[in-house]
Structure formats: C-alpha cells, structure tokens
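Note that the coordinates shown come from a computational prediction; the quantities given were computed from them, not determined experimentally.
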Amino acid sequence: MAPRFAIAVLSAVAAAVVLVVGGGGSAAPPAAGARVSPPLLAFTARTRNAPNGAVFALRRNGTVAPLGNGPGRVVSWSPDGRELLVVRPTFDTGGGEELDAFDPARQRSRSLWQATTITDAAWSPDGRYIAVAWDGKVSVLGRNGEVVRALGEQVPAGSAADGGLAWTADGSRLAVTYATPGGSGIAIEQPRGVLPRIMSPCGRERPCHEVSAPDWAPGSNALVMVRRDGAKGSAWWWTGHGPPQPLPAGGLPDSVRSAMWAPDGHRLAISTAEGLFLLRGPDARAVRITATQPLAGPAWSADGRLLAIVTRSATGGPDVLDVLAPDAGSGPARLQTSTVFDRIAGPLVWNPAG
C-alpha cells in the first residue's frame with residue numbers, strides 16, 4: 001500500500017482550508033461544541049486576507065487554521081506547550097511591536113515586552129526565562145516579562161540574526177549571535193550575570209566574520225553553528241572544550257545554511273543550497289533527503305520523527321510547507337503533509353508537548 005499523506009491548501013483568495021487525505025475529500029468545519037484539535041506546528045504566513053502575516057497552525061488532525069486574530073509573527077513555544085511567543089504590531093502612533101504569550105486553548109494573550117522592533121525571542125526549556133532580541137539589543141526576561149538581565153551583545157543586521165538565540169536543554173546557557181565590525185559572532189551567556197564566553201571558528205580570542213545560527217544538542221555541551229563566506233557556508237561545532245572545529249561529517253556541500261540537532265542529540269538535519277541533508281551522527285556521511293533548498297527550517301518535531309521545511313519552485317510561485325518523515329536507511333524523506341500559502345516565514349515551531 002502506498003504511504004498515506006495529507007495535503008492542506010490555503011486559498012489565497014478565500015483563505016479557506018481544504019484537507020485532502022488519501023486521494024479526496026475535504027475537511028468539514030467542526031460541529032458546535034466539538035473539541036478543536038490541538039496545534040502541532042505553528043508558523044507565520046501571508047495571504048491576501050493577511051498581507052502583513054498572521055500565525056497559523058498545523059493541527060494534529062492534519063488541518064491548517066489561523067491561531068488568534070490579527071497580524072502577528074510566531075517565534076517560540078513555551079516548554080509545556082501551553083503558550084506561544086508571538087510578535088504583534090502595537091498600532092501606536094509611532095509604530096512599534098509587542099511580544100505576547102498567546103494561549104491557543106483559551107485564546108488569551110499576555111503582554112511581555114514592547115519595543116520599536118522585536119526580531120527574535122526564545123523560551124528557555126526549563127520555562128524560567130525568555131531571551132528577546134529587541135531594538136538591536138538582547139535581554140533575558142522572566143516568564144512574566146520582568147527583566148532578569150540586559151546582555152551586552154548587539155543584534156546583527158540581516159539574515160545573520162535569524163535563529164540567533166539558542167538555549168541549552170537545562171536553560172543554564174544561552175548562545176547569542178552578536179554583531180562584529182565585519183559580520184557576526186557567537187557568545188555564550190548565562191541568565192544571571194557572568195561575563196560571556198566568545199565563540200568562533202577561528203578560536204575564542206579571534207572572532208571570525210559571519211558566524212551564526214547556533215543550536216545546542218539536547219543532553220550534551222555540543223553546539224553546532226554555521227560559518228558563512230560569501231555564498232559558501234560550512235558547519236562547525238563546539239563540544240565544550242577548546243575552540244570550535246569543522247563538523248567531521250562527510251559528503252556535505254559547501255553551501256550550508258543552517259544545522260539543527262534532533263531531539264535524540266545524535267542526528268543532524270542540515271539545510272544547504274543543494275537540498276536538505278541528514279546526518280546519523282556528527283561524524284557520519286551526509287545523506288541528501290530532499291533536492292530543493294529550504295527557505296525556512298529544518299525544524300524537528302518533539303519526538304524526532306518528523307522534519308518541517310519551507311520550499312518554493314525555482315520558477316517562483318507560492319511557498320510550500322512540507323512535513324517529512326526521514327527514511328530509516330539512506331533513502332529520500334517521505335512526504336507526510338504539504339501546506340501551500342502565498343508566503344511562509346520562519347521560524348517553524350513544533351509544539352514541545354507533541
């Protein structure tokens with residue numbers, strides 16, 4: 001029997017969700033009083049009805065629907081899966097943005113922070129802290145928005161700031177991508193006041209340009225990062241001792257864009273200009289599982305069984321959110337769900353509660 005998959009399509013005109021499962025049929029709206037399927041994956045997308053971007057969710061039953069009302073950009077889940085960090089416009093006279101903690105089940109929001117611009121935020125896995133990049137600065141907040149510590153790093157401009165904040169699994173350390181005179185570097189901070197440790201592929205005391213996209217391995221001190229050199233990119237890692245080193249994997253092209261650890265702390269999904277690659281371990285041979293360059297992602301589901309990426313045809317057209325199941329061997333990934341929007345922006349955030 002062929003693998004069963006679902007395709008959810010959002011019409012750019014009507015913004016109506018259509019679910020096709022196993023070859024046909026559409027999802028009927030839930031009956032009055034029916035329990036709504038919990039959100040599994042949250043993302044930001046633009047449609048004609050939401051030209052400035054709004055938050056949507058892929059639900060556990062395979063349907064796609066808006067989360068909340070009005071424009072917004074999702075950046076992180078709380079570790080218990082109860083709240084989403086969403087950046088929304090304040091609609092003040094002078095403009096500005098607000099970081100909210102949004103409860104999808106109750107449809108309620110808590111205001112945490114306001115600034116002219118909020119570029120990123122990340123909830124610590126222990127639930128105690130929220131790191132937020134705002135107006136070119138980085139601060140660590142408590143879960144209710146109180147300031148715990150203002151950090152010294154300046155947020156880099158452009159794409160180097162994407163995915164620039166990463167917590168260790170125990171919430172004790174925060175990797176921060178910061179601006180340097182010629183690019184960006186990575187510093188290791190702690191929530192409460194100690195001097196940061198500067199990380200870079202050129203050694204602790206000699207920061208290199210264009211180092212970004214940190215990600216900690218669950219259950220260890222291993223930190224993976226990306227070093228960019230123009231159009232080229234390579235994966236590096238730090239294991240807690242000495243300076244970072246090139247990732248010892250084989251078979252990766254020289255166009256790495258991002259690298260993300262799986263929840264098991266061993267596998268790595270690596271985005272490149274030549275497609276998405278999977279490593280069974282840091283020193284394993286890379287296996288290409290898709291042939292199209294991801295525009296956003298990869299992002300692992302909480303159980304490590306699925307990967308989410310966003311792609312677009314080389315000839316243009318809409319963006320496609322693909323949910324993939326990596327092959328247990330060395331074959332291509334199996335498509336589980338595809339969702340089509342005018343445009344989809346990262347990050348792609350899986351519900352940590354599964």
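Listed for the S76 side chain is a donor-acceptor partner under 3.5 Å among the backbone atoms of W123. With hydrogens and angles disregarded, a donor-acceptor distance shorter than 3.5 Å links the side chain of S255 to the backbone of A273. At least one donor-acceptor pair under 3.5 Å links the side chain of N61 to the backbone N or O of T63. Side-chain N or O atoms of W216 include one that pairs as donor or acceptor with a backbone N or O of A166 at under 3.5 Å. Of the possible donor and acceptor atoms, none in the side chain of R128 sits under 3.5 Å from a partner among the backbone N and O of P191. The main-chain N or O of V211 is found under 3.5 Å from a side-chain atom of S184 such that the two form a donor-acceptor pair. Side chain of D135 to main chain of T116: a donor-acceptor pair is present (N/O by atom type, distance under 3.5 Å, no hydrogens or angles). Checking side-chain atoms of N221 against main-chain N and O of T239 turns up no donor-acceptor pair under 3.5 Å.
In this structure, D103 and S109 have side chains that are not in contact, with every pair of non-hydrogen atoms separated by 4.5 Å or more. The side-chain heavy atoms of L321 and S338, taken from C-beta on, include no pair separated by under 4.5 Å. With a 4.5 Å cut-off on side-chain heavy atoms, V132 and L141 count as touching. Between L268 and L247 the shortest side-chain heavy-atom distance falls below 4.5 Å. Between T290 and L324, the closest side-chain pair of non-hydrogen atoms falls below 4.5 Å. The side-chain heavy atoms of R267 and M260, taken from C-beta on, include no pair separated by under 4.5 Å. In this structure the side chain of L307 reaches within 4.5 angstrom of the side chain of I289, judged on heavy atoms. Residues F341 and V64 are in side-chain contact: their nearest non-hydrogen atoms beyond the backbone lie under 4.5 Å apart.
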Problem set entry | Steps toward side-chain contact (heavy atoms from CB on, under 4.5 Å) verdict (I130, V140) | CA-CA 6 Å; I130 297 168; V140 175; over 6 Å; no
For this session: Using the side-chain contact (heavy atoms from CB on, under 4.5 Å) rule, take L279 and I270 through it: C-alpha gap first, then chi angles, then the decisive distance, then the call.
Result: CA-CA 8 Å; L279 299 177; I270 299 185; 3.6 Å; yes
Exercise. Stepwise, does the side-chain contact (heavy atoms from CB on, under 4.5 Å) test hold for L41 with V349?
Worked result: CA-CA 6 Å; L41 174 69; V349 290; 5.6 Å; no
For this session: Apply side-chain contact (heavy atoms from CB on, under 4.5 Å) to the pair L67 and R59, showing each step before the final yes or no.
Result: CA-CA 10 Å; L67 276 183; R59 298 190 179 275; 3.7 Å; yes
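D100 meets the salt bridge (charged side-chain N to carboxylate O under 4.0 Å, His left out) test with R88; sequence neighbours excluded. The salt bridge (charged side-chain N to carboxylate O under 4.0 Å, His left out) test applied to R285 returns no partner, not counting sequence neighbours. With sequence neighbours excluded, the residues satisfying side-chain hydrogen bond (donor to acceptor under 3.5 Å, both in side chains) with N144 are R110. For S220, the side-chain hydrogen bond (donor to acceptor under 3.5 Å, both in side chains) test picks out no residue, with sequence neighbours left out. With sequence neighbours left out, T272 forms a side-chain hydrogen bond (donor to acceptor under 3.5 Å, both in side chains) with no residue at all. Residues that satisfy the ring pair (Phe, Tyr, Trp, His ring centres under 6.0 Å) test with W134, not counting sequence neighbours, are W113.
Atom CG of D120 and atom CG of L165 lie 4.5 Å apart (nearest 0.5 Å). To the nearest 0.5 angstrom, W77 atom CH2 is 10.5 Å from L85 atom CG. Within the model, atoms CZ of R227 and OG of S212 stand 12.0 Å from one another, a figure rounded to the nearest 0.5 Å. Between K137 atom NZ and T117 atom OG1 the span is 10.0 Å, to the nearest 0.5 Å. Rounding to the nearest 0.5 Å places OG of S271 at 6.0 Å from CD of Q293. Interatomic distance, R288 CZ to L252 CG, rounded to the nearest 0.5 Å: 12.0 Å.
The nearest pair of heavy atoms linking G163 to P214 is O-CD, 3.5 Å. Of all heavy-atom pairs spanning P71 and N52, the tightest one is CB-CB, 4.4 Å. Taking all atoms of both residues into account, the shortest heavy-atom contact from T44 to G72 is CG2-O, 3.5 Å. Contact between L84 and P104 at its shortest, heavy atoms only, is CD1-CG, 4.2 Å. Nearest approach of N351 to P39, heavy atoms of both residues: ND2-O, 3.1 Å. Residues T180 and G185 share a closest heavy-atom pair of CG2-N, 3.7 Å.
Cluster membership check: I188 shares its hydrophobic cluster with M225, using side-chain heavy-atom separations under 4.5 Å among Ile, Leu, Val, Met, Phe, Trp and Tyr. I344 and L306 fall within a single hydrophobic cluster, where Ile, Leu, Val, Met, Phe, Trp and Tyr are joined by side-chain heavy atoms under 4.5 Å apart, directly or via other members. The same ILVMFWY cluster, assembled from side-chain heavy atoms under 4.5 Å apart, contains both L335 and L278. Hydrophobic clustering, with ILVMFWY side chains joined whenever heavy atoms are under 4.5 angstrom apart, keeps V147 apart from V176. One hydrophobic cluster, built from ILVMFWY side chains closer than 4.5 Å, holds both F56 and V310.
Around the CZ atom of R60, the shell of radius 6.0 Å holds more than 12 heavy atoms that belong to other residues, nucleotides or ligands. Heavy atoms from other residues, nucleotides or ligands lying under 6.0 Å from CZ of R82 number 12 at most. The local environment of NZ in K232 is sparse, with at most 12 non-hydrogen atoms from other residues, nucleotides or ligands closer than 6.0 Å.
Ring geometry for W237 against W261 counts as tilted: the plane angle lies between 30° and 60°, on a 0 to 90° scale. Note on ring orientation: taking the six-membered ring where Trp is involved, the planes of W167 and Y129 are parallel (angle under 30°, cut-offs 30° and 60°).
A side-chain donor from one of S111 and E98 sits under 3.5 Å from a side-chain acceptor of the other. Side-chain atoms of D170 and S172 form a donor-acceptor pair, as typed in the model, at a separation below 3.5 Å.
Between R149 and E189 a salt bridge is recorded (basic side-chain N to carboxylate O distance below 4.0 Å). Looking at R257 and E274, no side-chain N of the basic residue comes within less than 4.0 Å of a carboxylate O on the acidic one, giving no salt bridge. Of the charged side-chain nitrogens involved, at least one lies within less than 4.0 Å of a carboxylate oxygen, so that D319 and R312 count as a salt-bridged pair. Between D342 and R46 no salt bridge is recorded (no basic side-chain N to carboxylate O distance below 4.0 Å).
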